[in-house]
Number of protein chains: 2
Amino acid sequence: MKTHTIAIVDDHRLFAQSLEALISSFGNYEIAFYAGNGKEFINSLKEYGKNPDIVLLDINMPVMNGIETMAWIKENKPELKTIALSMDDSEETIIKMLREGAKGYLLKDIHPDVFKKAITDVIEKGFYYSDNITNALLDSIDKKEKDDSIKLKEREVEFLKLACTEKTYKEIAGIMFLSPKTIDGYREALFDKLDVRSRIGLVLYAIKNKFIEV
Amino acid sequence: MKTHTIAIVDDHRLFAQSLEALISSFGNYEIAFYAGNGKEFINSLKEYGKNPDIVLLDINMPVMNGIETMAWIKENKPELKTIALSMDDSEETIIKMLREGAKGYLLKDIHPDVFKKAITDVIEKGFYYSDNITNALLDSIDKKEKDDSIKLKEREVEFLKLACTEKTYKEIAGIMFLSPKTIDGYREALFDKLDVRSRIGLVLYAIKNKFIEV
DNA sequence: AGTAAAATGGGGAATTTTACCCTTTCCAGG
DNA sequence: CCTGGAAAGGGTAAAATTCCCCATTTTACT
């Protein structure tokens with residue numbers, strides 16, 4: 001069985017080197033090199049002289065992140081087989097990476113067996129897509145369409161932010177120079193738009209969508 | 001040289017198992033077991049029968065996070081030597097972990113050599129503190145003593161998390177198998193402890209203090 | 001065993017939130 | 001000018017939250 005080479009690009013040194021130990025234990029793989037970010041990777045690639053068979057690419061890195069790196073690869077080394085690795089499973093990110101040509105996407109909480117399968121799949125079949133990913137993609141289709149159509153007006157945003165405080169609606173009405181009844185109207189409109197059933201839902205939505213800081 | 005046992009508590013399975021491979025390569029350590037969160041850890045601990053020499057404890061985990069787990073350890077197994085592991089180096093978090101009795105704190109981007117030294121230090125000297133930590137500690141000296149003495153009990157935390165959903169108190173009572181009146185008692189106790197005047201205040205507190213993810 | 005402190009639950013009431021039905025006012029485009 | 005739709009406001013009632021009393025049972029510790 002031929003030995004394949006793998007490059008690891010991840011700023012978490014402990015993780016990268018642990019991963020190396022794990023991969024070594026698989027037997028027929030060896031680490032070509034690893035790099036702490038995209039820039040380092042590009043340099044190491046030149047030094048290394050030939051292409052590694054697989055590149056494991058973290059998304060969140062300082063200096064040059066996974067998405068930028070993926071773009072560089074697409075431009076300069078499109079034949080490189082890259083698997084994206086991340087804890088962050090926001091669909092946005094996955095989509096971006098796949099669009100830039102990643103051959104696979106893995107979350108760091110997967111089982112090592114899945115990890116091994118992903119590597120061999122990419123080498124043998126050229127790609128690996130986990131169920132999570134397809135699910136995430138499907139999820140994102142309707143969620144995005146829902147989310148996108150949600151447009152909050154200026155005054156609604158103002159209300160939303162105040163709803164994320166300990167003030168009562170009556171107090172909020174005072175602050176916004178509106179009748180409590182009008183506030184109630186805003187509340188209902190938002191409940192409807194955001195598909196929530198309580199003020200707690202408003203707060204959670206506001207935080208998720210970064211209307212307020214915590 | 002005696003072989004020491006290590007337990008790994010981290011929801012990132014790939015990382016945990018990679019770490020196992022790395023630790024094995026050190027020679028004189030072996031993995032007792034690993035767990036995906038605090039609850040799993042507590043169960044595994046009972047199953048395992050004796051204490052591992054070291055516990056590597058991630059902070060951000062689902063179900064029961066590192067801080068809650070550390071609190072449990074302090075309460076029930078204070079003799080356990082725990083090293084906190086996290087990418088998140090907010091001083092708040094570090095302080096909390098150390099106050100709960102962690103013997104060391106490591107960021108995941110450290111060099112494996114440092115990691116090894118931390119483990120041996122904790123076993124041999126009983127503790128390991130990196131420069132980062134001492135800095136964080138110094139920083140925090142003036143900043144603290146406000147929400148410091150706040151101690152939430154297990155059941156209160158459970159309630160707090162549920163209060164951060166769109167469920168009504170009656171529904172929460174059902175989930176926790178308690179009377180709505182008891183839930184009301186927890187609510188009042190928390191309002192008092194956390195100095196808030198509405199359920200929104202609970203949610204904000206829970207998020208600030210990482211009892212829930214958003 | 002004795003006691004204090006938690007944990008659990010209850011009554012009752014004021015306030016707030018939520019829901020669903022409406023009317024009035026205002027303003028821009030035909 | 002008039003008109004349709006958005007913004008603002010109203011009435012009412014049920015449900016949920018919040019607050020202050022209190023009693024019983026369990027648990028923990030001396």
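These numbers come from a predicted model, not from an experiment. Labels below follow one simple rule: chain letters A, B, ... track the order of the sequence lines, proteins then strands, and each chain is numbered from 1.
Classification of the F26(A)-F115(A) ring pair by plane angle, with boundaries at 30° and 60°, yields tilted.
Counting only N and O atoms by type, the side chains of Y34(B) and E40(B) include no donor and acceptor under 3.5 Å apart.
Atom CD in E154(B) sits about 10 Å away from atom P in dA7(C), given to the nearest Å. In this structure, CD1 of I200(A) is placed 11 Å from C1' of dT17(C), rounded to the nearest angstrom. As a whole-Å value, the separation of I172(A) CD1 from dG9(D) P is 15 Å. F159(A) has its CZ atom 11 Å from the C1' atom of dT17(C), to the nearest Å. E166(B) has its CD atom 13 Å from the C1' atom of dT17(C), to the nearest Å. The separation between L152(B) atom CG and dA6(C) atom C1' is 15 Å, rounded to whole Å. Distance D184(B) CG to dG9(C) P: 13 Å, rounded to the nearest Å. The distance between atom CD of E171(B) and atom P of dT18(C), rounded to the nearest whole Å, is 13 Å.
Taking the nucleotide of DNA chain C with the nearest heavy atom to each of E156(B) and P180(B), the more 5' of the two is matched to E156(B).
F127(B) carries K125(B) over the face of its six-membered ring, with the cationic atom under 6.0 Å from the centre and within 45° of the normal.
Side-chain to base pairing of K181(A) with dT18(C): no donor and acceptor N or O lie closer than 3.5 Å to each other.
Salt-bridge annotation for D184(A) and R187(A): present, with a side-chain N of the basic residue lying under 4.0 Å from a carboxylate O of the acidic one.
Closest contact between the side chain of R199(B) and the listed nucleotides dC20(C), dA7(C), dT17(D) involves dT17(D). Taking every side-chain heavy atom of R187(A) into account, dT18(C) is the closest of dC19(D), dT17(D), dT18(C). For T168(A), counting side-chain heavy atoms from C-beta on, the closest listed nucleotide (dT17(C), dA19(C), dA16(D)) is dT17(C). Distances were taken from every side-chain heavy atom of F191(B) (C-beta onward) to each of dT17(D), dA7(D), dC19(D); the shortest belongs to dC19(D).
Within the 4.5 Å cutoff, side-chain heavy atoms of F211(B) are placed close to those of Y205(B).
Distances shown here put a side-chain N or O of S179(B) below 4.0 Å from the OP1 or OP2 atom of dG10(C). At dT18(D), one or more side-chain N or O atoms of Y169(B) fall inside 4.0 Å of OP1 or OP2 (strictly under the cut-off). Phosphate proximity of dA16(D) to K170(B): present, with a side-chain N or O under 4.0 Å from OP1 or OP2.
When heavy atoms are screened at a 4.0 angstrom cut-off, T182(B) is found touching base atoms of the nucleic acid.
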